[in-house]
Amino acid sequence: MTVRVRFAPSPTGYLHIGGARTALYNYLFAKKNGGVFLLRIEDTDQERSKKEYEIEMMKDLKWLGIDWTEGPDCGGEYGPYRQSERMNLYKEKAWELVSEGKAYPCFLTEAELEELSQKAIAENKAPHAYHTKFRDFPLYEAKKRVDAGEDYVIRFKTQQKVYHLKDHVRGDVDFGEDMVGDFVLLRSNGMPVYNYCCAIDDWMMKITHVIRAEEHLPNTLRQLMLYEAFGVTPPQYAHCSLLVGEDRQKLSKRHGATSVKQYIEMKYLPEALNNYLCLLGWSHPDEKDIFNKEDIVDVFTMDRFNKAPALYDVQKLNFFNGQHLRKLPIAELVGLASDCLPSHHPFQNQTAEWKNQAMEIFKEKIQLITELEAVLEIIFRTEVMTSDEYQEIWSWETTGQMASYLKEQVMALTAPATAEQFQAWGDHIKTELKIKGKPLFKGMRAVLTLEAEGPDLKIVIPLTPVAVLKERMTKF
RNA sequence: GCACCCAUCGUCUAGCCCGGUCUAGGACACCGCCUUUUCACGGCGGUAACAGGGGUUCGAAUCCCCUUGGGUGUACCA
(Lines give C-alpha, C1' and ligand atoms only; values in the text may rest on other atoms or scores of the structure.)
Protein backbone atom coordinates (compact mmCIF):
# COMPACT_ATOMS: atom_id res chain seq x y z
CA MET A 1 0.00 0.00 0.00
CA THR A 2 1.49 3.33 -0.95
CA VAL A 3 1.85 5.88 1.77
CA ARG A 4 -0.50 8.84 1.41
CA VAL A 5 -0.31 11.81 3.74
CA ARG A 6 -1.91 15.22 3.71
CA PHE A 7 -1.56 18.71 5.01
CA ALA A 8 -5.02 20.09 5.68
CA PRO A 9 -5.02 23.75 6.70
CA SER A 10 -8.01 25.99 7.20
CA PRO A 11 -7.69 29.16 5.18
CA THR A 12 -8.49 31.41 8.12
CA GLY A 13 -5.14 33.18 8.24
CA TYR A 14 -1.64 33.07 6.88
CA LEU A 15 0.33 29.86 7.10
CA HIS A 16 1.48 29.50 10.67
CA ILE A 17 4.97 28.40 11.70
CA GLY A 18 3.46 25.39 13.40
CA GLY A 19 1.53 24.52 10.27
CA ALA A 20 4.70 24.78 8.25
CA ARG A 21 6.37 22.31 10.56
CA THR A 22 3.47 19.88 10.28
CA ALA A 23 3.50 20.21 6.51
CA LEU A 24 7.24 19.60 6.48
CA TYR A 25 6.93 16.42 8.54
CA ASN A 26 4.24 15.11 6.25
CA TYR A 27 6.27 16.02 3.21
CA LEU A 28 9.38 14.30 4.54
CA PHE A 29 7.46 11.21 5.51
CA ALA A 30 5.94 10.92 2.05
CA LYS A 31 9.31 11.42 0.37
CA LYS A 32 11.00 8.91 2.60
CA ASN A 33 8.41 6.27 1.81
CA GLY A 34 7.94 7.02 -1.86
CA GLY A 35 4.42 8.13 -1.06
CA VAL A 36 2.06 10.94 -1.94
CA PHE A 37 1.80 14.26 -0.13
CA LEU A 38 -1.44 16.06 -0.84
CA LEU A 39 -2.95 19.38 0.11
CA ARG A 40 -6.53 19.67 1.29
CA ILE A 41 -8.26 22.91 2.13
CA GLU A 42 -10.59 22.71 5.13
CA ASP A 43 -12.91 25.59 4.51
CA THR A 44 -16.13 24.50 6.17
CA ASP A 45 -16.17 27.50 8.45
CA GLN A 46 -17.73 29.90 6.02
CA GLU A 47 -17.35 32.90 8.28
CA ARG A 48 -13.63 32.67 8.78
CA SER A 49 -12.39 31.02 5.60
CA LYS A 50 -11.08 33.33 2.92
CA LYS A 51 -9.98 32.52 -0.58
CA GLU A 52 -7.17 35.01 -0.19
CA TYR A 53 -5.65 32.99 2.64
CA GLU A 54 -5.86 29.82 0.63
CA ILE A 55 -3.81 31.44 -2.12
CA GLU A 56 -1.31 32.84 0.35
CA MET A 57 -0.89 29.50 2.07
CA MET A 58 -0.10 27.80 -1.17
CA LYS A 59 2.43 30.49 -1.97
CA ASP A 60 4.07 30.09 1.41
CA LEU A 61 4.28 26.31 1.08
CA LYS A 62 5.87 26.66 -2.34
CA TRP A 63 8.33 29.16 -0.92
CA LEU A 64 9.33 26.56 1.65
CA GLY A 65 9.76 24.06 -1.15
CA ILE A 66 7.01 21.86 0.22
CA ASP A 67 5.26 20.67 -2.89
CA TRP A 68 2.13 18.57 -3.22
CA THR A 69 1.11 16.31 -6.07
CA GLU A 70 -2.62 16.38 -5.39
CA GLY A 71 -4.46 19.48 -4.32
CA PRO A 72 -7.08 22.07 -5.12
CA ASP A 73 -4.90 23.72 -7.75
CA CYS A 74 -3.62 20.64 -9.53
CA GLY A 75 -6.45 18.19 -8.92
CA GLY A 76 -5.93 14.47 -8.48
CA GLU A 77 -7.72 11.16 -8.41
CA TYR A 78 -9.48 11.74 -5.11
CA GLY A 79 -10.65 15.32 -5.54
CA PRO A 80 -12.04 17.80 -5.14
CA TYR A 81 -9.52 18.87 -2.51
CA ARG A 82 -11.50 21.74 -1.10
CA GLN A 83 -14.05 20.71 1.50
CA SER A 84 -16.50 23.37 0.41
CA GLU A 85 -16.73 21.47 -2.87
CA ARG A 86 -17.50 18.16 -1.19
CA MET A 87 -20.71 19.14 0.56
CA ASN A 88 -22.90 16.60 -1.14
CA LEU A 89 -20.65 13.79 -0.04
CA TYR A 90 -20.77 14.86 3.60
CA LYS A 91 -24.54 15.24 3.59
CA GLU A 92 -25.07 11.96 1.88
CA LYS A 93 -22.86 10.11 4.33
CA ALA A 94 -24.49 11.83 7.29
CA TRP A 95 -27.95 10.73 6.26
CA GLU A 96 -26.59 7.29 5.61
CA LEU A 97 -25.59 7.16 9.26
CA VAL A 98 -29.03 8.44 10.23
CA SER A 99 -30.77 5.72 8.28
CA GLU A 100 -28.54 3.13 9.95
CA GLY A 101 -29.48 4.49 13.37
CA LYS A 102 -25.93 5.70 14.05
CA ALA A 103 -26.78 9.38 13.95
CA TYR A 104 -29.94 11.42 14.41
CA PRO A 105 -31.52 14.78 13.73
CA CYS A 106 -31.65 16.85 16.86
CA PHE A 107 -34.01 19.77 17.47
CA LEU A 108 -32.62 21.06 20.72
CA THR A 109 -32.74 24.82 21.13
CA GLU A 110 -29.81 26.84 22.38
CA ALA A 111 -31.50 27.26 25.74
CA GLU A 112 -32.03 23.54 26.11
CA LEU A 113 -28.44 22.90 25.16
CA GLU A 114 -27.26 25.37 27.76
CA GLU A 115 -29.35 23.63 30.38
CA LEU A 116 -27.80 20.31 29.46
CA SER A 117 -24.30 21.60 29.77
CA GLN A 118 -25.09 23.23 33.16
CA LYS A 119 -26.38 19.91 34.36
CA ALA A 120 -23.24 18.16 33.20
CA ILE A 121 -21.08 20.67 35.04
CA ALA A 122 -23.15 20.20 38.18
CA GLU A 123 -22.41 16.47 37.92
CA ASN A 124 -18.68 17.21 37.58
CA LYS A 125 -18.66 16.09 34.00
CA ALA A 126 -17.50 17.84 30.85
CA PRO A 127 -20.16 20.28 29.59
CA HIS A 128 -21.30 18.19 26.66
CA ALA A 129 -24.67 17.34 25.34
CA TYR A 130 -24.12 13.71 26.27
CA HIS A 131 -27.24 12.00 25.08
CA THR A 132 -30.07 14.19 23.95
CA LYS A 133 -33.73 13.36 24.12
CA PHE A 134 -33.86 13.07 20.34
CA ARG A 135 -31.41 10.22 20.34
CA ASP A 136 -34.10 7.61 20.16
CA PHE A 137 -36.77 9.70 18.56
CA PRO A 138 -38.59 7.75 15.84
CA LEU A 139 -37.03 8.56 12.49
CA TYR A 140 -40.29 9.17 10.66
CA GLU A 141 -41.26 11.76 13.30
CA ALA A 142 -37.95 13.47 12.91
CA LYS A 143 -38.21 13.50 9.15
CA LYS A 144 -41.62 15.09 9.40
CA ARG A 145 -40.21 17.95 11.46
CA VAL A 146 -37.27 18.32 9.10
CA ASP A 147 -39.60 18.51 6.12
CA ALA A 148 -41.69 21.07 7.95
CA GLY A 149 -38.63 23.28 7.94
CA GLU A 150 -37.72 23.11 11.59
CA ASP A 151 -34.09 23.90 12.53
CA TYR A 152 -32.02 20.82 13.28
CA VAL A 153 -28.52 19.47 13.45
CA ILE A 154 -27.37 15.92 12.85
CA ARG A 155 -25.70 14.41 15.86
CA PHE A 156 -23.59 11.30 16.08
CA LYS A 157 -24.81 8.62 18.46
CA THR A 158 -21.77 8.00 20.63
CA GLN A 159 -21.15 4.62 22.23
CA GLN A 160 -20.32 4.58 25.90
CA LYS A 161 -17.03 2.79 25.80
CA VAL A 162 -13.32 3.24 26.01
CA TYR A 163 -11.48 3.82 22.78
CA HIS A 164 -7.88 2.99 22.29
CA LEU A 165 -5.35 4.63 20.01
CA LYS A 166 -1.87 3.47 19.12
CA ASP A 167 -0.17 6.72 18.28
CA HIS A 168 3.25 6.90 16.65
CA VAL A 169 4.34 9.66 19.00
CA ARG A 170 2.18 9.30 22.10
CA GLY A 171 2.20 5.52 22.24
CA ASP A 172 -0.90 3.87 23.73
CA VAL A 173 -3.65 6.35 24.50
CA ASP A 174 -6.94 5.46 26.14
CA PHE A 175 -9.94 7.74 25.76
CA GLY A 176 -12.41 7.47 28.60
CA GLU A 177 -16.05 6.81 27.85
CA ASP A 178 -17.35 10.21 28.91
CA MET A 179 -14.94 12.24 26.86
CA VAL A 180 -17.37 13.34 24.21
CA GLY A 181 -21.09 13.65 23.91
CA ASP A 182 -23.29 13.19 20.88
CA PHE A 183 -21.32 15.57 18.73
CA VAL A 184 -22.63 17.49 15.76
CA LEU A 185 -21.98 16.26 12.22
CA LEU A 186 -24.10 18.70 10.29
CA ARG A 187 -24.78 22.19 11.58
CA SER A 188 -28.20 23.79 11.43
CA ASN A 189 -27.08 25.77 8.40
CA GLY A 190 -26.34 22.49 6.68
CA MET A 191 -22.56 22.87 6.86
CA PRO A 192 -20.66 19.86 8.15
CA VAL A 193 -18.25 20.15 11.03
CA TYR A 194 -14.47 19.71 11.02
CA ASN A 195 -14.18 16.41 12.84
CA TYR A 196 -16.63 14.83 10.54
CA CYS A 197 -15.30 16.13 7.22
CA CYS A 198 -11.80 15.29 8.25
CA ALA A 199 -12.69 11.69 8.95
CA ILE A 200 -14.61 11.31 5.71
CA ASP A 201 -11.87 12.89 3.66
CA ASP A 202 -8.99 11.00 5.19
CA TRP A 203 -10.92 7.87 4.45
CA MET A 204 -12.01 8.79 0.92
CA MET A 205 -8.62 10.19 0.01
CA LYS A 206 -7.04 6.96 1.20
CA ILE A 207 -4.82 8.68 3.72
CA THR A 208 -2.58 6.13 5.41
CA HIS A 209 -0.89 8.32 8.02
CA VAL A 210 -2.12 11.43 9.76
CA ILE A 211 0.74 13.53 11.12
CA ARG A 212 -0.58 16.58 12.96
CA ALA A 213 -0.18 18.58 16.13
CA GLU A 214 -1.08 17.33 19.57
CA GLU A 215 -3.99 19.70 19.96
CA HIS A 216 -5.88 17.34 17.66
CA LEU A 217 -5.52 14.37 19.94
CA PRO A 218 -9.01 14.65 21.41
CA ASN A 219 -10.41 15.04 17.91
CA THR A 220 -8.98 11.69 17.02
CA LEU A 221 -11.42 10.06 19.38
CA ARG A 222 -14.38 11.42 17.42
CA GLN A 223 -12.80 10.35 14.19
CA LEU A 224 -12.19 6.89 15.56
CA MET A 225 -15.86 6.65 16.50
CA LEU A 226 -16.86 7.69 13.04
CA TYR A 227 -14.64 5.10 11.39
CA GLU A 228 -16.12 2.47 13.62
CA ALA A 229 -19.59 3.51 12.53
CA PHE A 230 -18.61 3.38 8.89
CA GLY A 231 -16.84 0.08 9.35
CA VAL A 232 -13.58 1.47 8.06
CA THR A 233 -10.02 0.96 9.27
CA PRO A 234 -8.69 4.32 10.48
CA PRO A 235 -5.39 5.70 9.25
CA GLN A 236 -2.36 5.59 11.51
CA TYR A 237 -1.82 8.65 13.65
CA ALA A 238 1.17 10.62 14.86
CA HIS A 239 0.46 13.56 17.14
CA CYS A 240 3.51 15.78 17.32
CA SER A 241 4.29 18.00 20.24
CA LEU A 242 3.10 21.56 20.24
CA LEU A 243 5.15 24.64 19.49
CA VAL A 244 4.98 27.03 22.44
CA GLY A 245 6.05 30.58 23.20
CA GLU A 246 8.02 32.10 26.07
CA ASP A 247 5.09 31.59 28.40
CA ARG A 248 4.91 27.90 27.49
CA GLN A 249 1.54 28.35 25.88
CA LYS A 250 0.59 27.33 22.37
CA LEU A 251 2.41 29.57 19.92
CA SER A 252 0.14 32.31 18.63
CA LYS A 253 0.22 35.78 17.15
CA ARG A 254 0.83 37.47 20.46
CA HIS A 255 4.20 35.71 20.63
CA GLY A 256 5.49 37.80 17.74
CA ALA A 257 6.21 36.76 14.18
CA THR A 258 4.44 33.44 13.78
CA SER A 259 3.40 33.40 10.16
CA VAL A 260 5.61 32.19 7.36
CA LYS A 261 4.72 35.29 5.42
CA GLN A 262 6.41 37.45 8.03
CA TYR A 263 9.59 35.46 7.70
CA ILE A 264 9.50 35.83 3.95
CA GLU A 265 9.20 39.56 4.41
CA MET A 266 12.08 39.59 6.85
CA LYS A 267 14.16 37.83 4.17
CA TYR A 268 14.80 34.60 5.99
CA LEU A 269 16.02 31.68 3.91
CA PRO A 270 13.39 28.97 3.38
CA GLU A 271 15.85 26.20 4.08
CA ALA A 272 16.88 27.83 7.33
CA LEU A 273 13.27 27.95 8.48
CA ASN A 274 12.72 24.33 7.44
CA ASN A 275 15.90 23.29 9.16
CA TYR A 276 15.07 24.98 12.43
CA LEU A 277 11.42 23.96 12.46
CA CYS A 278 12.32 20.38 11.69
CA LEU A 279 14.48 20.19 14.79
CA LEU A 280 11.70 21.41 17.04
CA GLY A 281 10.35 18.07 18.13
CA TRP A 282 12.40 15.82 15.90
CA SER A 283 16.06 14.90 16.03
CA HIS A 284 18.56 13.69 13.48
CA PRO A 285 19.82 10.16 14.23
CA ASP A 286 23.42 11.34 13.90
CA GLU A 287 22.70 14.56 15.78
CA LYS A 288 23.39 16.61 12.68
CA ASP A 289 21.92 20.06 12.99
CA ILE A 290 22.58 22.00 9.82
CA PHE A 291 20.94 20.43 6.79
CA ASN A 292 18.56 20.94 3.91
CA LYS A 293 15.32 19.06 3.93
CA GLU A 294 16.37 16.90 1.00
CA ASP A 295 19.43 15.78 2.97
CA ILE A 296 17.34 14.08 5.60
CA VAL A 297 14.57 12.30 3.71
CA ASP A 298 16.54 9.06 3.91
CA VAL A 299 16.83 9.20 7.68
CA PHE A 300 13.43 10.67 8.47
CA THR A 301 11.47 8.35 10.74
CA MET A 302 8.59 8.96 13.12
CA ASP A 303 10.26 7.24 16.05
CA ARG A 304 12.48 10.27 16.49
CA PHE A 305 9.65 12.60 17.40
CA ASN A 306 9.95 14.12 20.86
CA LYS A 307 6.82 14.19 22.99
CA ALA A 308 7.44 17.34 24.99
CA PRO A 309 6.31 20.72 23.69
CA ALA A 310 9.08 22.78 22.09
CA LEU A 311 9.73 26.43 22.75
CA TYR A 312 10.15 28.52 19.65
CA ASP A 313 13.34 30.58 19.85
CA VAL A 314 14.02 33.15 17.14
CA GLN A 315 17.60 33.59 18.28
CA LYS A 316 18.37 30.03 17.33
CA LEU A 317 16.54 30.41 14.06
CA ASN A 318 18.78 33.37 13.31
CA PHE A 319 21.82 31.22 13.91
CA PHE A 320 20.52 28.65 11.45
CA ASN A 321 19.83 31.38 8.94
CA GLY A 322 23.41 32.59 9.26
CA GLN A 323 24.72 29.08 8.67
CA HIS A 324 22.61 28.63 5.56
CA LEU A 325 23.57 32.05 4.31
CA ARG A 326 27.24 31.15 4.46
CA LYS A 327 26.69 27.92 2.59
CA LEU A 328 25.06 29.68 -0.35
CA PRO A 329 26.98 30.00 -3.64
CA ILE A 330 28.37 33.50 -3.87
CA ALA A 331 26.36 34.37 -6.98
CA GLU A 332 23.15 33.55 -5.17
CA LEU A 333 24.20 35.62 -2.22
CA VAL A 334 24.88 38.58 -4.48
CA GLY A 335 21.42 38.17 -5.97
CA LEU A 336 19.88 38.13 -2.51
CA ALA A 337 21.81 41.25 -1.57
CA SER A 338 20.71 43.11 -4.70
CA ASP A 339 17.08 42.25 -3.99
CA CYS A 340 17.30 43.26 -0.39
CA LEU A 341 19.23 46.52 -0.71
CA PRO A 342 17.38 49.65 -1.88
CA SER A 343 17.64 50.30 -5.62
CA HIS A 344 19.58 53.51 -5.03
CA HIS A 345 22.13 51.87 -2.76
CA PRO A 346 25.69 52.27 -4.11
CA PHE A 347 26.13 48.50 -3.90
CA GLN A 348 23.89 48.17 -6.93
CA ASN A 349 26.29 50.07 -9.22
CA GLN A 350 29.39 48.05 -8.46
CA THR A 351 30.98 45.51 -10.78
CA ALA A 352 30.22 41.82 -10.45
CA GLU A 353 33.74 41.19 -9.25
CA TRP A 354 33.36 43.86 -6.59
CA LYS A 355 30.06 42.39 -5.38
CA ASN A 356 31.51 38.91 -5.16
CA GLN A 357 34.41 40.10 -3.08
CA ALA A 358 32.21 42.16 -0.83
CA MET A 359 29.79 39.30 -0.17
CA GLU A 360 32.64 36.94 0.50
CA ILE A 361 33.81 39.02 3.44
CA PHE A 362 30.53 40.42 4.70
CA LYS A 363 28.58 37.16 4.76
CA GLU A 364 30.63 36.19 7.80
CA LYS A 365 29.32 39.15 9.69
CA ILE A 366 25.61 38.70 9.28
CA GLN A 367 22.90 36.20 10.11
CA LEU A 368 20.19 37.84 8.05
CA ILE A 369 20.64 39.39 4.65
CA THR A 370 18.83 42.47 5.93
CA GLU A 371 21.78 43.15 8.21
CA LEU A 372 23.97 43.65 5.17
CA GLU A 373 23.15 47.29 4.66
CA ALA A 374 24.40 48.24 8.10
CA VAL A 375 27.55 46.24 7.69
CA LEU A 376 28.31 47.73 4.27
CA GLU A 377 28.51 51.11 5.92
CA ILE A 378 32.20 50.57 6.52
CA ILE A 379 32.59 50.96 2.78
CA PHE A 380 30.08 53.65 1.93
CA ARG A 381 29.62 55.75 5.01
CA THR A 382 31.18 59.20 5.23
CA GLU A 383 30.07 60.02 8.76
CA VAL A 384 32.21 59.51 11.83
CA MET A 385 31.17 56.57 13.99
CA THR A 386 32.03 57.63 17.47
CA SER A 387 32.81 55.20 20.20
CA ASP A 388 35.03 55.33 23.24
CA GLU A 389 37.61 53.27 21.44
CA TYR A 390 37.51 55.55 18.41
CA GLN A 391 38.03 58.62 20.58
CA GLU A 392 40.89 56.94 22.29
CA ILE A 393 42.67 56.13 19.04
CA TRP A 394 42.52 59.78 18.06
CA SER A 395 43.96 60.81 21.39
CA TRP A 396 47.21 59.10 20.40
CA GLU A 397 49.79 61.45 18.97
CA THR A 398 50.67 58.92 16.27
CA THR A 399 47.23 58.99 14.76
CA GLY A 400 47.43 62.68 14.00
CA GLN A 401 50.85 62.14 12.48
CA MET A 402 49.73 59.48 10.04
CA ALA A 403 46.49 61.29 9.32
CA SER A 404 48.11 64.06 7.35
CA TYR A 405 50.22 61.60 5.37
CA LEU A 406 47.23 59.38 4.56
CA LYS A 407 45.12 62.38 3.63
CA GLU A 408 47.77 63.40 1.09
CA GLN A 409 47.82 59.91 -0.39
CA VAL A 410 44.06 59.63 -0.58
CA MET A 411 43.62 63.04 -2.16
CA ALA A 412 46.08 62.05 -4.89
CA LEU A 413 44.04 58.96 -5.74
CA THR A 414 42.23 58.79 -9.08
CA ALA A 415 41.00 55.21 -8.69
CA PRO A 416 40.29 53.08 -5.61
CA ALA A 417 43.42 52.21 -3.73
CA THR A 418 44.79 48.80 -4.59
CA ALA A 419 45.85 46.35 -1.95
CA GLU A 420 49.45 47.08 -2.95
CA GLN A 421 48.99 50.82 -2.49
CA PHE A 422 47.46 50.26 0.89
CA GLN A 423 50.37 48.04 1.79
CA ALA A 424 52.82 50.77 0.66
CA TRP A 425 51.09 53.35 2.86
CA GLY A 426 51.53 51.07 5.82
CA ASP A 427 55.18 50.50 4.99
CA HIS A 428 55.81 54.20 4.67
CA ILE A 429 54.23 54.96 8.01
CA LYS A 430 56.24 52.21 9.60
CA THR A 431 59.63 53.20 8.19
CA GLU A 432 59.32 56.98 7.91
CA LEU A 433 57.00 57.86 10.79
CA LYS A 434 58.25 55.01 12.95
CA ILE A 435 54.80 53.95 13.97
CA LYS A 436 54.13 50.26 14.36
CA GLY A 437 52.01 47.70 16.09
CA LYS A 438 48.59 48.57 17.42
CA PRO A 439 48.91 52.35 16.87
CA LEU A 440 49.72 51.66 13.21
CA PHE A 441 46.79 49.42 12.37
CA LYS A 442 44.23 50.94 14.66
CA GLY A 443 45.26 54.38 13.57
CA MET A 444 45.04 53.63 9.86
CA ARG A 445 41.64 52.13 10.44
CA ALA A 446 40.39 55.16 12.32
CA VAL A 447 41.70 57.58 9.73
CA LEU A 448 40.52 55.69 6.67
CA THR A 449 37.17 54.30 7.89
CA LEU A 450 36.27 56.77 10.66
CA GLU A 451 35.58 53.73 12.79
CA ALA A 452 37.43 51.61 15.31
CA GLU A 453 36.68 48.13 14.02
CA GLY A 454 35.62 46.13 10.98
CA PRO A 455 36.85 43.60 8.43
CA ASP A 456 40.41 43.42 7.16
CA LEU A 457 41.52 46.80 5.77
CA LYS A 458 43.50 45.14 2.95
CA ILE A 459 40.16 44.06 1.52
CA VAL A 460 37.93 46.87 2.68
CA ILE A 461 40.01 49.78 1.40
CA PRO A 462 40.28 48.56 -2.22
CA LEU A 463 36.50 48.12 -2.18
CA THR A 464 35.89 51.65 -0.96
CA PRO A 465 35.03 54.23 -3.67
CA VAL A 466 37.57 57.07 -4.03
CA ALA A 467 34.97 59.74 -3.51
CA VAL A 468 33.97 58.23 -0.21
CA LEU A 469 37.56 57.97 0.90
CA LYS A 470 38.24 61.58 -0.04
CA GLU A 471 35.20 62.83 1.74
CA ARG A 472 36.24 61.02 4.89
CA MET A 473 39.50 62.94 4.83
CA THR A 474 37.57 66.13 5.47
CA LYS A 475 36.01 64.80 8.67
CA PHE A 476 38.94 65.19 11.02
C1' G B 1 -14.39 21.05 37.21
C1' C B 2 -13.54 16.82 34.01
C1' A B 3 -10.55 14.11 30.33
C1' C B 4 -6.07 13.53 28.00
C1' C B 5 -0.92 14.66 27.24
C1' C B 6 3.98 16.07 28.90
C1' A B 7 8.53 16.49 32.38
C1' U B 8 17.11 15.77 30.88
C1' C B 9 21.46 22.29 31.06
C1' G B 10 17.98 29.18 30.49
C1' U B 11 16.44 27.09 25.32
C1' C B 12 16.38 22.92 21.34
C1' U B 13 17.75 18.06 22.23
C1' A B 14 20.84 12.81 22.53
C1' G B 15 20.42 8.84 25.83
C1' C B 16 14.88 6.01 27.80
C1' C B 17 11.61 1.16 24.21
C1' C B 18 16.23 -3.30 24.85
C1' G B 19 18.53 -0.82 33.03
C1' G B 20 25.39 -1.01 33.90
C1' U B 21 29.70 1.72 28.44
C1' C B 22 26.30 8.51 31.73
C1' U B 23 31.60 11.55 36.94
C1' A B 24 24.73 12.47 31.25
C1' G B 25 26.77 13.88 24.92
C1' G B 26 25.70 17.77 21.09
C1' A B 27 23.58 22.67 19.50
C1' C B 28 21.79 28.00 20.56
C1' A B 29 22.78 31.82 24.10
C1' C B 30 26.48 33.40 27.75
C1' C B 31 31.75 33.59 29.55
C1' G B 32 37.13 32.71 28.76
C1' C B 33 41.37 31.53 25.68
C1' C B 34 43.67 30.87 20.74
C1' U B 35 43.64 32.75 15.75
C1' U B 36 43.13 37.62 13.42
C1' U B 37 48.24 43.52 15.17
C1' U B 38 40.80 45.33 15.09
C1' C B 39 35.68 43.16 14.57
C1' A B 40 33.48 38.94 12.78
C1' C B 41 34.21 33.82 11.17
C1' G B 42 36.71 29.62 12.94
C1' G B 43 39.16 26.54 16.79
C1' C B 44 39.65 25.18 21.96
C1' G B 45 37.65 25.37 26.80
C1' G B 46 34.04 26.80 30.76
C1' U B 47 29.27 27.73 33.55
C1' A B 48 24.78 24.87 33.31
C1' A B 49 20.16 19.51 33.55
C1' C B 50 18.02 13.72 34.75
C1' A B 51 11.19 18.06 38.90
C1' G B 52 10.37 15.59 44.03
C1' G B 53 9.31 11.15 46.76
C1' G B 54 8.72 6.10 47.07
C1' G B 55 9.49 1.28 45.11
C1' U B 56 11.73 -2.97 41.70
C1' U B 57 17.00 -4.29 41.12
C1' C B 58 23.58 -6.05 42.82
C1' G B 59 22.79 -1.56 39.79
C1' A B 60 17.76 3.40 37.36
C1' A B 61 18.04 9.43 33.57
C1' U B 62 16.35 4.66 31.77
C1' C B 63 11.09 0.05 34.54
C1' C B 64 6.54 0.78 38.18
C1' C B 65 3.62 3.94 41.59
C1' C B 66 2.52 8.57 43.91
C1' U B 67 3.16 13.85 44.34
C1' U B 68 4.19 18.38 42.11
C1' G B 69 4.54 21.45 38.02
C1' G B 70 3.19 22.64 33.04
C1' G B 71 0.21 22.11 28.63
C1' U B 72 -3.92 20.78 25.47
C1' G B 73 -8.89 19.77 24.97
C1' U B 74 -13.64 20.25 26.60
C1' A B 75 -18.25 24.12 20.45
C1' C B 76 -23.44 24.20 15.43
C1' C B 77 -13.87 26.68 15.28
C1' A B 78 -10.28 24.06 12.81
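Naming: A, B, ... by sequence-line order, numbering from 1 per chain. Keep in mind that this is a model prediction, so the values were computed, not measured.
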Looking only at atom [atom1], what distance separates [N] and [M], rounded to whole Å?
N	M	atom1	result
B:U72	B:G54	C1'	29 Å
B:G43	B:G59	P	44 Å
B:C64	B:C76	C1'	44 Å
B:C50	B:C6	C1'	15 Å
B:C30	B:U23	P	31 Å
B:U68	B:G52	P	16 Å
B:C17	B:A60	P	14 Å
B:G71	B:G25	C1'	28 Å

A:E110 atom CD, neighbour heavy-atom count above 12 within 6.0 Å: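 Not more than 12 within 6.0 Å, no.
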
Given 3.5 Å as the limit, does a donor-acceptor pair link the side chain of [X] with the main chain of [Y], or not?
X	Y	result
A:N318	A:L368	no
A:N321	A:Q367	yes
A:R472	A:R381	yes
A:D167	A:H239	yes

If pairing requires Watson-Crick or G-U wobble contacts with both distances under 3.5 Å, which nucleotide is the partner of [N]?
N	answer
B:C18	none
B:C2	B:G73
B:U37	none
B:C44	B:G32
B:A7	B:U68
B:G59	none

Base, sugar-phosphate alone, or nothing: which one does [X] contact when heavy atoms must sit under 4.0 Å apart?
X	value
A:V153	base
A:F441	base
A:E287	base
A:S283	sugar-phosphate
A:H239	nothing
A:Q323	sugar-phosphate
A:N318	nothing
A:P455	base
A:S49	nothing
A:G281	sugar-phosphate
A:G437	base
A:K250	sugar-phosphate
A:R212	nothing
A:D174	sugar-phosphate

Given [options], identify the nucleotide with an atom nearest to the side chain of [X].
X	options	value
A:L311	B:C6, B:U11, B:A78	B:U11
A:R304	B:G15, B:G73, B:A29	B:G15
A:M179	B:C39, B:C4, B:C5	B:C4
A:L242	B:G15, B:C39, B:U72	B:U72
A:Q249	B:A78, B:G71, B:G42	B:G71
A:V173	B:A40, B:C4, B:C41	B:C4
A:L113	B:C5, B:G73, B:C76	B:C76
A:E389	B:A78, B:U38, B:C28	B:U38
A:R248	B:G70, B:U72, B:A7	B:G70
A:D456	B:A7, B:U38, B:U11	B:U38

Presence of [X] side-chain N/O under 4.0 Å of [N] phosphate oxygens OP1/OP2:
X	N	result
A:Q223	B:A78	no
A:S241	B:C5	no
A:N306	B:A14	yes
A:R222	B:A75	no

Between [X] ([atom1]) and [N] ([atom2]), how many Å, whole number?
X	N	atom1	atom2	answer
A:L277	B:U11	CG	C1'	15 Å
A:F362	B:C41	CZ	P	15 Å
A:Y312	B:U13	OH	C1'	17 Å
A:K307	B:C12	NZ	C1'	18 Å
A:L280	B:C28	CG	C1'	12 Å
A:E110	B:C76	CD	P	10 Å
A:L165	B:A3	CG	P	19 Å
A:N219	B:A3	CG	C1'	14 Å

Under 3.5 Å donor-acceptor pair, A:K316 side-chain atoms to B:A27 base atoms: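 Checked by distance alone, the answer is yes.
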
Residue closer to the 5' end of RNA chain B, A:F175 versus A:E364 (nearest nucleotide):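 In this pair, the answer is A:F175.
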
Pairwise 5' ranking along RNA chain B for A:Q367 and A:Q46, keeping only the more 5' one: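 The residue closer to the strand's 5' end, by nearest nucleotide, is A:Q367.
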
Among side-chain atoms of [X] and [Y], is any donor-acceptor pair under 3.5 angstrom?
X	Y	answer
A:D247	A:H255	yes
A:R222	A:T158	no
A:Y163	A:E228	yes

Between CH2 on residue A:W425 and CG on residue A:L457, distance to nearest 0.5 Å: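 A:W425 atom CH2 to A:L457 atom CG measures 10.5 Å (nearest 0.5 Å).
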
Salt bridge (Lys or Arg N to Asp or Glu O under 4.0 Å) between A:K475 and A:E383, worked out: CA-CA 8 Å; A:K475 302 289 169 151; A:E383 297 309 307; 3.7 Å; yes

